[in-house]
Amino acid sequence: MPELPEVETVARRLAAHATGRRILAVHVLDEKQDGVALARLVGNRIATVRRMGKQCVLELRRPRRRHVERYLAVHLRMTGHLYWADALPDDVRHLRVRLDLDRGMVLFEDLRRFGRLTVHEDLASLEPVGLDPTTADFTTAALHRLLADSRQPIKPWLLRQDRLVGLGNIYASEILFAARILPDRAAGSLDAGERRRLHRATRQILRRAIDAAGTTYYALEAGRRVRGTFREQLAVYGQDGDACRRCGEPVRRSVQAQRSTYYCAGCQE
DNA sequence: ACCCTCCTGTCA
DNA sequence: TGACAGGAGGGT
């Protein structure tokens, strides 16, 4: 479930429920996770929760040590889910890690087990290389500098976390549709007007997706499953064969860098 | 640019 | 039975 809007939602919900809570026990149910590192979190208190790139980072305070900090970073990869709950859900088949708190618990579920929980002693090692497109630093000029003279097709370019952080396969297609730019255009070939449209579309799609709590997000709230609703606003992703909502041409699917891309050849140039 | 791997599941 | 799935890292 992991693109920027989903991780942003995860971090906000977790912050609302888990801030100030103390970790009483850690249960690691997947041998691929670092049980030794995670066991050391027992006794720590959750100070803040934030999103950094596509990772959800819990800042922890160790007991009786005001300034010594520690960070738990969670990368959800393809199918990870992370949320607070006051009781275990009915279906725990994909539960991989459980943090018992002094009130409730933090659950990490992951069907495909690609996600990773890592423990860090400083924030610097977690700082993403790429620019976060939701920040004020993301300007058309900054985008221009990043695109530079790249000959890479713009769709796979948008997935590069060393340029912009947070975009994934769903939002890359949606952003290019909104910007009316074909996904196979060379990143460095966009003219000033196209760069402006790309910048604007990136901010707009991410804003709407965050407001909708994402496309693939789900969690438990008061015992009920809640999920993001951006799926209802998708214009092209997963819609090949359907009529384009803008021009009526059929939406197409192609493959770039081994990933599906969805676009409309009628109104994207 | 291409290929593959890590995993487990759903769908045509 | 095979194709494909929110990500990313590796190899050639």
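Only this structure's heavy atoms are used, side chains among them; waters, hydrogens and symmetry mates stay out. Order of the sequence lines fixes the chain letters, A, B, ..., with proteins taken first and strands second; residue numbering starts at 1 for each chain. Note that this is a predicted model, so its numbers are computed, not measured.
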Whole-Å distance separating the CG atom of Leu111(A) from the P atom of dC7(B) | 13 Å

Find the distance Leu167(A):CG to dG7(C):P and express it as a whole number of Å.
-> 10 Å

Nucleotide N/O of nucleotides 1-4 of chain B paired with protein N/O under 3.5 Å:
| from | atom 1 | to | atom 2 | distance (Å) |
| --- | --- | --- | --- | --- |
| dC3(B) | N4 | Gln258(A) | NE2 | 3.1 |

Over 60° means perpendicular and under 30° means parallel, so classify the ring planes of His17(A) and Trp84(A), tilted if in between.
-> parallel

Given atom CD of Glu3(A) and atom C1' of dG7(C), what is their separation to the nearest angstrom?
-> 9 Å

Which whole-number value in Å describes the distance from Arg163(A) CZ to dA8(C) C1'?
-> 16 Å

Aromatic ring proximity, centroids under 6.0 angstrom, Phe108(A) and His81(A) | no

Establish, with yes or no, whether the OP1 or OP2 oxygen of dT8(B) is under 4.0 angstrom from a side-chain nitrogen or oxygen of His94(A).
-> no

For the student: nearest non-hydrogen atoms of Gly168(A) and Lys54(A), plus distance | CA-NZ, 3.8 Å

dA5(C) C1' sits how many Å from Leu76(A) CG, rounded?
-> 16 Å

Is Val165(A) reachable from Val49(A) through a run of I, L, V, M, F, W or Y residues, each pair having side-chain heavy atoms under 4.5 Å apart?
-> no

Is the Lys NZ or Arg CZ of Arg245(A) less than 6.0 Å from the centre of Phe177(A)'s six-membered ring, within 45° of the axis?
-> no

Atom NE2 of His75(A) to atom C1' of dA8(C): distance rounded to whole Å?
-> 7 Å

Would you say Tyr171(A) reaches dG7(C)'s phosphate, i.e. side-chain N/O to OP1/OP2 under 4.0 Å?
-> no

Extract the stems that DNA chain B is part of, considering only consecutive pairing runs of at least three Watson-Crick or G-U wobble pairs, both distances under 3.5 Å.
-> B:1-6 with C:7-12, B:8-12 with C:1-5

Would you say the base of dC7(B) and the side-chain of Arg113(A) have a donor-acceptor pair closer than 3.5 Å?
-> no

Asp211(A): side chain to side chain donor-acceptor pair (under 3.5 Å) partners, not counting sequence neighbours = Arg207(A)

May I ask you to verify if any side-chain N or O of Lys32(A) is less than 4.0 angstrom from the OP1 or OP2 atom of dC6(B)?
-> no

Please determine, by modelled atom types, if Ser260(A) and Arg253(A) share a side-chain donor-acceptor pair under 3.5 angstrom.
-> yes

Tell me whether the OP1 or OP2 atom of dC4(C) has a side-chain N or O from Arg253(A) closer than 4.0 Å.
-> yes

Ring centroid separation for Tyr171(A) and Phe230(A), is it under 6.0 angstrom?
-> yes

Working for salt bridge (Lys or Arg N to Asp or Glu O under 4.0 Å), residues Asp30(A) and Arg113(A) = CA-CA 8 Å; Asp30(A) 179 0; Arg113(A) 301 162 70 205; 3.1 Å; yes

Is Ser260(A) near enough to dA5(C) that one of its side-chain N or O atoms lies under 4.0 angstrom from OP1 or OP2?
-> yes

Asp240(A) atom CG is separated from dA3(C) atom P, nearest whole Å, by 17 Å

Let me know the distance between CZ of Arg116(A) and C1' of dC6(B), rounded to the nearest Å.
-> 8 Å

Does a side-chain N or O from Arg112(A) land closer than 4.0 Å to OP1 or OP2 of dA5(C), or not?
-> no

